[in-house]
Amino acid sequence: MEYLTENSAETKEVGIGLSQQLKLKKGALIFGLKGDLGAGKTTFLQGFAKGLGIKDKITSPTFVIMNRFPIKKGKFRNFYHLDCYRVENYKEIENIGIKEIISDSKNIVCIEWPEKIKRIIPKDVPFIRFDILEGDKRKITIDYGE
Ligand code: ADP
Ligand code: MG
């Protein structure tokens, strides 16, 4: 699925859209968000979290790798936002209990810079790609994999 957006509000709308079509699966529902700095990954997740009924503002965690937000309605219980841009060693991620988090089907886990922690991400995880086009235009590609 491919979307073209012209401003951050439109990117948030695409995030809201995705939040409305989530299905429970065996482990956590995981999405990897790929794209350069400033491409709109966090902006997308602001919409996504809003769509889940989360009131807190999603920001780029600078000093922490991960933030957890409780989900009050629906099938899921927790939204985890990870930003692995600064992760150098996948042990850092192991130490925060990632294995338990991704094995719980009540969790939604969105990971910016999933390339940095490849070895702990299941192979069938869907990726969302953000490409910066001219000006404020962005291309968002959701690849559900198989
Ligand atoms: P990332 O998390 O990928 O590093 P952010 O979402 O933090 O990116 O930042 C995206 C920046 O680009 C924000 O400053 C946002 O206002 C700006 N922007 C401009 N156009 C768009 C767009 N179409 N979609 C998303 N963000 C946009
Ligand atoms: Mg970000």
Side-chain angles (χ1 to χ4, degrees), residues 1-23 25 27-72 74 76-104 106-145:
M1 204 79 86
E2 207 174 282
Y3 303 88
L4 290 169
T5 69
E6 303 215 337
N7 52 55
S8 49
E10 287 182 12
T11 292
K12 285 179 197 168
E13 282 300 325
V14 180
I16 292 176
L18 181 65
S19 77
Q20 302 306 301
Q21 40 178 325
L22 303 176
K23 295 194 187 84
K25 43 175 281 185
L29 197 54
I30 306 171
F31 293 98
L33 287 81
K34 295 182 175 176
D36 290 341
L37 280 176
K41 302 179 294 297
T42 302
T43 302
F44 177 93
L45 291 179
Q46 286 168 355
F48 184 80
K50 188 178 174 199
L52 295 173
I54 293 167
K55 300 258 159 46
D56 308 75
K57 173 110 170 141
I58 307 297
T59 56
S60 294
T62 313
F63 299 107
V64 288
I65 299 165
M66 181 173 79
N67 279 318
R68 183 183 76 89
F69 303 91
I71 302 170
K72 305 221 166 60
F76 297 95
R77 287 286 155 270
N78 300 290
F79 168 58
Y80 288 90
H81 174 209
L82 278 78
D83 188 330
C84 296
Y85 183 62
R86 287 184 178 75
V87 172
E88 272 159 19
N89 183 335
Y90 100 107
K91 283 258 174 254
E92 294 171 48
I93 283 290
E94 237 182 12
N95 291 341
I96 59 175
I98 191 73
K99 284 194 177 137
E100 292 71 29
I101 291 167
I102 65 177
S103 65
D104 186 341
K106 297 277 182 195
N107 292 335
I108 302 171
V109 183
C110 289
I111 307 169
E112 297 187 41
W113 301 95
E115 304 92 323
K116 302 260 184 168
I117 56 166
K118 252 192 197 137
R119 53 196 287 192
I120 53 160
I121 297 186
K123 289 207 167 47
D124 59 349
V125 158
F127 287 105
I128 310 172
R129 255 225 77 73
F130 296 79
D131 291 301
I132 303 178
L133 309 179
E134 66 283 3
D136 284 350
K137 292 201 173 76
R138 301 288 191 272
K139 185 172 85 178
I140 305 170
T141 312
I142 305 184
D143 176 4
Y144 288 95

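We count ligands from 1, going down the list as the structure has it; atoms in each ligand are counted the same way.
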So does Tyr90 get a backbone contact from the side chain of Lys116, meaning a donor-acceptor N/O pair under 3.5 Å?
no

Which ligand 1 atoms, with their elements, are less than 4.0 angstrom from a heavy-atom of Glu6?
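Contacts of ligand 1 toward Glu6, numbered from 1: 23 (N).
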
With heavy atoms of Asp36 as the reference, note each atom of ligand 1 found under 4.0 Å away.
3 (O)

What's the shortest distance from [atom] to any protein heavy atom, and which residue and atom give it?
{"atom": "atom 13 (C) of ligand 1", "value": "Thr43 OG1, 4.2 Å"}
{"atom": "atom 10 (C) of ligand 1", "value": "Gly38 O, 3.4 Å"}
{"atom": "atom 8 (O) of ligand 1", "value": "Gly40 N, 3.1 Å"}
{"atom": "atom 26 (N) of ligand 1", "value": "Ser8 CB, 3.8 Å"}

Under 2.8 Å from the Mg ion (ligand 2) - protein N/O/S, by chain and number:
Thr42 OG1, Glu112 OE1

Sort out for me which residue in Ile111, Ile120, Ile121 forms a side chain to side chain contact (heavy atoms under 4.5 Å, CB included) with Ile93.
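It is Ile120; the other options fail the test.
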
Check Asn7 against ligand 1 and report side chain, backbone, both or neither, counting heavy atoms closer than 4.0 Å.
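Answer for Asn7: backbone.
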
Determine, stepwise, if the pair Asn7 / Asp136 fulfils side-chain hydrogen bond (donor to acceptor under 3.5 Å, both in side chains).
CA-CA 6 Å; Asn7 52 55; Asp136 284 350; over 6 Å; no

Give the intermediate values and the outcome of side-chain contact (heavy atoms from CB on, under 4.5 Å) for residues Thr42 and Glu112.
CA-CA 8 Å; Thr42 302; Glu112 297 187 41; 2.7 Å; yes

Could you name the option among Thr42, Thr11, Asp136, Thr5 that has the heavy atom nearest to atom 7 (O) of ligand 1?
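When every heavy atom of Thr42, Thr11, Asp136, Thr5 is considered, Thr42 comes closest to atom 7 (O) of ligand 1.
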
For atom 18 (N) of ligand 1, the option (of Lys41, Lys139, Lys137, Arg138) bearing the nearest heavy atom:
Arg138

As a quick check of understanding, evaluate side-chain contact (heavy atoms from CB on, under 4.5 Å) for Arg138 and Phe130, giving each step before the final call.
CA-CA 7 Å; Arg138 301 288 191 272; Phe130 296 79; 5.8 Å; no

Is any N or O atom of Glu112, backbone or side chain, closer than 3.5 Å to an N or O atom of ligand 1?
yes

If you measure every N/O of Leu37 against every N/O of ligand 1, is any gap under 3.5 Å?
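Checking ligand 1 against Leu37, no N or O pair falls under 3.5 Å apart.
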
Would you name the heavy atoms of Tyr3 and Ile142 that are closest together and state the gap between them?
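Looking at all heavy atoms of both residues, the shortest contact is CE1-CD1, 3.8 Å.
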
